[in-house]
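Residue numbers count from 1 along this sequence.
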Amino acid sequence: MTSTISAAGTTIRIADTGPTPDLLAVAGDADARVVEVGPTGVPALEPLVTVTAGGETAFHADCSTQELETIVESAADGSAVRAGDPDALADHEPERAGMPPVDLPGLDVGSRHVLRGAGWRNPTDPADHDAAGGFDMSDATAVRDTAAIITGRGWGDLCQDEPLAATWETAQDADGDPLVVVNAHGNPTDALLLATAPFEVLDGATAAARAVGADSVIVYASSADDRAAETMRAAAGNHPDTAVAVDIVTGPAAHRAGEPTMALEAIEGNHRLEARVRPPGPESVGLHGQPTLVHTARTLAQLAVALRDGDETDTRLVTVEGDVAAPATVELPESATLSSAVDAVTVDGAFKAACVGGRFGGLTANLDIGVDPSSLTAADLGTEGTVQVLAEERCVLEFVGKRTQFAADENCGRCVPCREGTTQLAGLLRDIYDGTYAPSDIEELVRVMDGSSICAFGVEAGRPARTAIAEFESELRAHADGHCPANSCPAPAEVT
């Protein structure tokens, strides 16, 4: 196998979230090795063309075909690396396995471990992954030891914010042959990993399978993430661990379809997606009745990197979106704060607040909060790994009202606290526009939903309203007095 990262001569990499046929056509004339390397996590820089020779790389952000033509022409006379007026240069070891540190917005935030190969290696080429130290075949004991340290990432993970090992032990002891499900549905970072680092995800999934004695891995993605599914399908076909069968399944793009038990319903082909009552949990009775591990792509990629590097240092993948010029996904040490994540993007206007932790995350104006799960939970924020930025012109009540109405419209209907609670909560928020602001009623209803819903959807659906009262009560109360502080609500205003 010949890898891109160990190839002699000049290498031109084209990184983009989507296909790049025009750039590939131009690069085809280059006296250089040309490779598509998948998305970087920072689409504002894409298409990002890098030119590497020896220990130097030139970066061309938002590269046009005309700019690439200049680069290609220069490659022919041996002066390729610095040709075409690059936006940045980086010196590094000649056979570097991951993107070197570079002074470009978004890529200059945090440090890349799980994302090391994103935008640098061919995501479906086993030679690249092998040259980077991948395809780790740690024995089951070593994998289980690491699983006792790694915690689950995201609401789609059966072990959200908890170590993996205890759930694995339950699956091993349960009746039936265990299975492993990679849940990459509904979170932009999970979709990014499938599109740009699928071997990291597969390494973690097959390691988990070895640890619990499973011989099958099912990768589950949203039907809206075509490229992620296609890239993972190609990578699975090239993965050398043939002892574990890998299947790729897509499900409906509905938000609830990412919840672990509803993900199993979708994989089984059921048209009506409802949360399953626990216990027993999927680790005992899961997909087709078999004990099943359900982990997000982030969890399994983190496991793979920890096994390969022998490094127990945790990092967090955070996607920043909302009122920003372009979203970005960055990798941060757990000692970093939310402020570091927001530094990766350009806010459209003045920063007002952030909804931290996914669609049903918590609202805060304070970005001096750690990205580790303990700090986020203590601040009543979510640990989903997303930060939705709200600019000054954004009305908090309208934002919370829409999130709540979404919960009322999209819940599965299986349990009363979620089904009826979200509807009543949307009504209480709408009443504010009519002059009735009852924060104690809202807080009591959210407590009931939090304490008695059968899955994370209902548990978390009231958090935007709860945290809005805690952080932005004056803005909510102003609406009851007939005034929108953001000057964005018409009068009379509607929540829906």
Is Asp481 atom CG crowded by more than 12 heavy atoms from other residues, nucleotides or ligands, each under 6.0 Å away?
-> yes
Show your reasoning for whether side chain to side chain donor-acceptor pair (under 3.5 Å) applies to Asp343 and Ser340.
-> CA-CA 5 Å; Asp343 284 345; Ser340 299; 5.1 Å; no
Give a yes or no on whether Asn270 atom CG has more than 12 heavy-atom contacts from other residues, nucleotides or ligands under 6.0 Å away.
-> yes
Is the charged tip of Arg359 near the ring of Phe406: under 6.0 Å from the six-membered ring centre and within 45° of its axis?
-> yes
Is there a donor-acceptor contact under 3.5 Å linking the side chains of Asn366 and Thr364?
-> no
Answer yes when Asp323 and Arg394 have at least one side-chain N-carboxylate O distance shorter than 4.0 Å, and no when they do not.
-> yes
How far apart are the closest heavy atoms of Cys159 and Thr167, and which atoms are they?
-> SG-OG1, 3.2 Å
Between Leu164 and Thr151, which heavy-atom pair has the shortest distance, and what is it?
-> CD2-C, 4.1 Å
Residue pair His185 / Ser222, side-chain heavy-atom distance below 4.5 Å = yes
Residue Glu444 excluded, over 12 heavy atoms near CD under 6.0 Å | no
Salt bridge between Arg316 and Glu331, side-chain N to carboxylate O under 4.0 Å?
-> no
If you measure from the Lys or Arg side-chain nitrogens to the Asp or Glu carboxylate oxygens, is any gap between Glu475 and Arg477 under 4.0 Å?
-> no
Minimum heavy-atom distance between Gly119 and Met99, given as atom pair plus value | O-CE, 3.6 Å
Under 4.0 Å between a Lys/Arg side-chain N and an Asp/Glu carboxylate O for Glu471 and Arg463?
-> no
Kindly indicate, with the supporting measurements, whether the criterion salt bridge (Lys or Arg N to Asp or Glu O under 4.0 Å) is fulfilled by Arg276 and Glu265.
-> CA-CA 9 Å; Arg276 295 181 179 179; Glu265 294 287 320; 2.6 Å; yes
Glu410 and Arg256: salt bridge (Lys or Arg N to Asp or Glu O under 4.0 Å), yes or no, with the steps?
-> CA-CA 7 Å; Glu410 299 295 328; Arg256 66 178 182 275; 3.6 Å; yes
Salt bridge present between Glu200 and Arg121 (N-O < 4.0 angstrom) = yes
Between Arg308 and Asp203, is there a side-chain N and carboxylate O pair less than 4.0 Å apart?
-> no
What one should report as the nearest heavy-atom pair of Ala461 and Thr422 is CB-CG2, 4.0 Å
Among Asn187, Thr329, Asp190, the one residue meeting side chain to side chain donor-acceptor pair (under 3.5 Å) with Thr319 = Thr329
Intermediate values then yes/no, salt bridge (Lys or Arg N to Asp or Glu O under 4.0 Å), Arg278 and Glu259 | CA-CA 13 Å; Arg278 287 171 271 183; Glu259 193 276 333; 3.0 Å; yes
Full working for side chain to side chain donor-acceptor pair (under 3.5 Å) between Gln160 and Arg153 | CA-CA 6 Å; Gln160 183 178 8; Arg153 267 78 170 161; over 6 Å; no
Do you know which two heavy atoms are closest between Cys355 and Gly358, and how far apart they sit?
-> SG-O, 3.8 Å
Could you go step by step and tell me if Glu398 and Lys402 meet the salt bridge (Lys or Arg N to Asp or Glu O under 4.0 Å) rule?
-> CA-CA 6 Å; Glu398 180 190 32; Lys402 287 183 174 178; 3.5 Å; yes
Could you tell me how the ring of Trp155 sits relative to the ring of Phe457: parallel (under 30°), tilted (30 to 60°) or perpendicular (over 60°)?
-> tilted
Could you check Phe135 against His239 for ring-ring contact (aromatic ring centres under 6.0 Å, His included), going step by step and ending with a plain yes or no?
-> CA-CA 8 Å; Phe135 303 125; His239 197 274; 5.3 Å; yes
For Thr40 and Glu46, does a side-chain donor sit closer than 3.5 Å to a side-chain acceptor?
-> yes
Flag the pair His295 / Val182 as yes when at least one side-chain heavy-atom distance between them is below 4.5 Å, and no otherwise.
-> no
For Cys395 and Cys489, work out which heavy atoms get closest and say how close.
-> SG-SG, 3.4 Å
